Amino acid sequence: MPEPWIGPGIRTWLKRLAWLTALLLVVILIFIVWLRLQSQRPLPLPAPPGPFAVGRLRYELTEPLASDPTAPGTHRPRRLVMWIWYPAKPGSGRKALYVPEPLRSPLRARNGAITNLIIRDADLVRVQARTGATVAGSGRRFPILLLKSGLGALALDYSSLAESLASAGYVVVGSDAPNSAVLTAYDDGSIAGRTKLGHPSADRPAAFEPLVRIWAADTRYELDALARLDARPTGILAHHLDLGQVGAFGHSFGGATATEFCWEDPRCKAAADIDGRLFGPAARVGLAKPFFFLMSDHIRERDPDAKLIMAQFRAFRSKLGPAGRLTTIKGTRHFNFSDNALRWTRMIGRLAGAVGPIDRGRALTISARELDAFFSVPLGRPRKPEPEGEAVLHGWNFPAG
């Protein structure tokens with residue numbers, strides 16, 4: 001059969017298409033190489049600004065809670081793992097890994113090729129904390145801040161905030177919520193991943209109501225465990241915890257948990273919610289204790305979900321006592337408050353709307369400073385006022401709903 005006739009105009013168009021396709025492939029290849037190079041660069045976390053060095057320890061609770069309602073199957077105990085940052089003597093202990101075993105290996109095995117391209121390798125993240133470090137101050141007791149991660153996140157994802165607050169003189173205690181965090185790893189080699197009950201989708205808000213009560217119960221149990229650690233005759237933290245000065249803060253769903261825990265537990269003196277929608281009874285009745293909203297920049301948000309959340313915040317504000325406070329950090333987005341803001345390639349984070357235009361390290365430094373300024377009053381920790389930059393806005397000025 002004779003070949004179909006192709007006119008000169010069509011040939012020219014096909015050549016241009018082939019040239020543009022080849023150019024696009026070259027651009028994609030260069031972009032992938034650039035992402036790979038970015039993900040392989042060492043990443044030091046911001047230096048803690050406080051007067052103390054920082055120690056860190058991992059503590060797995062040997063006595064699990066009752067049957068875990070978020071676990072697959074039935075009658076599985078709920079096992080908790082705590083990460084504790086504390087003021088330490090300079091030079092004591094050894095340099096800590098950002099993600100140590102037994103979490104490191106299963107977490108690396110879980111990450112895929114795309115994750116490794118857009119997120120900095122955990123082995124390249126340099127923390128300031130040291131393991132096995134001696135607690136600062138002979139016989140000194142330090143106030144406790146209970147840190148609640150966002151849904152799906154790890155406590156270690158908030159190392160920047162935790163190290164900064166520990167350097168200021170707090171014992172900061174985070175935990176990995178089993179079946180909610182991306183992964184919880186135990187000393188016996190077992191792991192727990194996400195489940196539908198532990199990590200419900202965002203379009204099922206009713207599922208978060210029972211979950212916030214579960215997380216609040218975890219937090220009460222963790223505080224009980226800290227009391228047992230403090231009462232031991234020996235140990236790194238023995239007789240160094242001020243159990244009469246306890247606060248709680250969290251990011252996203254962790255902020256709702258911190259609020260709910262502080263409403264339920266009289267041992268909690270103050271709570272802070274970092275950019276999180278509220279759930280549970282506390283969200284409906286308010287909190288008669290010092291409370292702090294630390295918010296990302298929602299000024300230009302006009303979508304229906306944002307309006308609903310802002311309406312909730314206004315209602316909650318009306319039920320707070322005089323110690324209620326709200327601060328917005330201009331130029332931030334929801335994920336500017338965790339280490340992932342630093343670990344993600346900046347371009348990817350901006351395109352996804354996860355981080356804002358503010359310098360990412362600066363946002364974390366400001367966040368830690370504002371949390372310290374808030375908690376220092378109800379937890380009785382004297383603190384000198386520091387100058388604040390123009391990125392910080394105080395006041396209950398929500399976007400119009």
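Numbers for residues simply follow the sequence, beginning at 1. Keep in mind it's a predicted model, so treat the numbers as computed, not measured.
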Mind checking whether [X] and [Y] have side chains closer than 4.5 Å, heavy atoms only?
X: L379; Y: K269; value: yes
X: V212; Y: F253; value: yes
X: H240; Y: V171; value: no
X: V81; Y: S175; value: no
X: V377; Y: P290; value: no
X: F208; Y: L151; value: yes
X: P69; Y: I214; value: yes
X: S367; Y: I274; value: no

Determine whether a donor-acceptor pair (N or O, by modelled atom type, separation under 3.5 Å) exists between the side chain of [X] and the backbone of [Y].
X: S180; Y: G198; answer: yes
X: S252; Y: G254; answer: no
X: R56; Y: L97; answer: yes
X: D273; Y: L278; answer: no
X: H239; Y: R232; answer: yes

Using side-chain contact (heavy atoms from CB on, under 4.5 Å), reason through D176 and W83 one step at a time and then give a plain yes or no. CA-CA 8 Å; D176 297 331; W83 300 89; 2.9 Å; yes
Output yes when [X] and [Y] qualify as a salt bridge under the 4.0 Å nitrogen-oxygen rule, no when they do not.
X: R220; Y: E222; value: no
X: R213; Y: E264; value: yes
X: R360; Y: D339; value: no
X: D121; Y: R343; value: no
X: R284; Y: E209; value: yes
X: R141; Y: D242; value: no
X: R108; Y: D123; value: yes
X: D188; Y: R79; value: yes

Set out, in order, the CA-CA distance, both residues' side-chain angles and the distance that settles salt bridge (Lys or Arg N to Asp or Glu O under 4.0 Å) for K289 and D265, then state yes or no. CA-CA 11 Å; K289 297 178 182 180; D265 197 311; over 6 Å; no
What closest approach, in Å, do [X] and [Y] show between heavy atoms, and which atom pair accounts for it?
X: S92; Y: R130; answer: O-NE, 3.0 Å
X: C262; Y: A271; answer: CB-CB, 3.7 Å
X: A225; Y: M82; answer: CB-CE, 4.2 Å
X: A96; Y: T131; answer: CB-CG2, 3.6 Å
X: L237; Y: D230; answer: O-OD1, 3.7 Å
X: V99; Y: A122; answer: CG2-CB, 3.9 Å

Parallel, tilted or perpendicular: rings of F313 and F293 (30°, 60°): tilted
Start with the C-alpha distance between S164 and R369, add both sets of side-chain angles, then the distance that settles side chain to side chain donor-acceptor pair (under 3.5 Å), and finish with yes or no. CA-CA 8 Å; S164 292; R369 184 189 68 204; over 6 Å; no
Once rounded to the nearest 0.5 Å, what's the spacing between atom [atom1] of [X] and atom [atom2] of [Y]?
X: L154; Y: L183; atom1: CG; atom2: CG; answer: 7.5 Å
X: K95; Y: Q128; atom1: NZ; atom2: CD; answer: 4.5 Å
X: L342; Y: L364; atom1: CG; atom2: CG; answer: 5.0 Å
X: Y59; Y: L226; atom1: OH; atom2: CG; answer: 9.0 Å
X: T328; Y: M295; atom1: OG1; atom2: CE; answer: 6.5 Å
X: E370; Y: T365; atom1: CD; atom2: OG1; answer: 11.5 Å

Looking at [X] versus [Y], is the centre-to-centre ring distance below 6.0 Å?
X: W215; Y: F261; answer: no
X: F335; Y: F337; answer: no
X: Y86; Y: F142; answer: no

When you compare the side chains of [X] and [Y], does any donor N or O come within less than 3.5 Å of an acceptor on the partner?
X: S296; Y: D275; result: yes
X: T70; Y: N179; result: yes
X: S167; Y: E163; result: no

Check whether Y221 forms a cation-pi arrangement with R228 (NZ or CZ under 6.0 Å from the six-membered ring centre, at most 45° off the ring normal). yes
Report yes or no: is the cationic atom of R325 (NZ for Lys, CZ for Arg) closer than 6.0 Å to the six-membered ring centre of F374, at no more than 45° off its axis? no
Give the intermediate values and the outcome of side chain to side chain donor-acceptor pair (under 3.5 Å) for residues D297 and T332. CA-CA 5 Å; D297 194 342; T332 56; over 6 Å; no
Taking only residues two or more places apart in sequence or in another chain, which ones pass ring pair (Phe, Tyr, Trp, His ring centres under 6.0 Å) with Y158? H251
Derivation of the side-chain contact (heavy atoms from CB on, under 4.5 Å) call for I358 and K330: CA-CA 8 Å; I358 190 172; K330 292 193 293 184; over 6 Å; no
Does the side-chain contact (heavy atoms from CB on, under 4.5 Å) test come out yes or no for F279 and L211, once each step is laid out? CA-CA 9 Å; F279 296 93; L211 188 61; over 6 Å; no
Run the ring pair (Phe, Tyr, Trp, His ring centres under 6.0 Å) test on F292 and F249 for me, step by step, so that the C-alpha distance in whole Å, both residues' side-chain angles and the decisive distance to 0.1 Å come before the verdict. CA-CA 9 Å; F292 180 35; F249 74 100; over 10 Å; no
L124 and L43: side-chain contact (heavy atoms from CB on, under 4.5 Å), yes or no, with the steps? CA-CA 6 Å; L124 298 174; L43 174 65; 5.6 Å; no
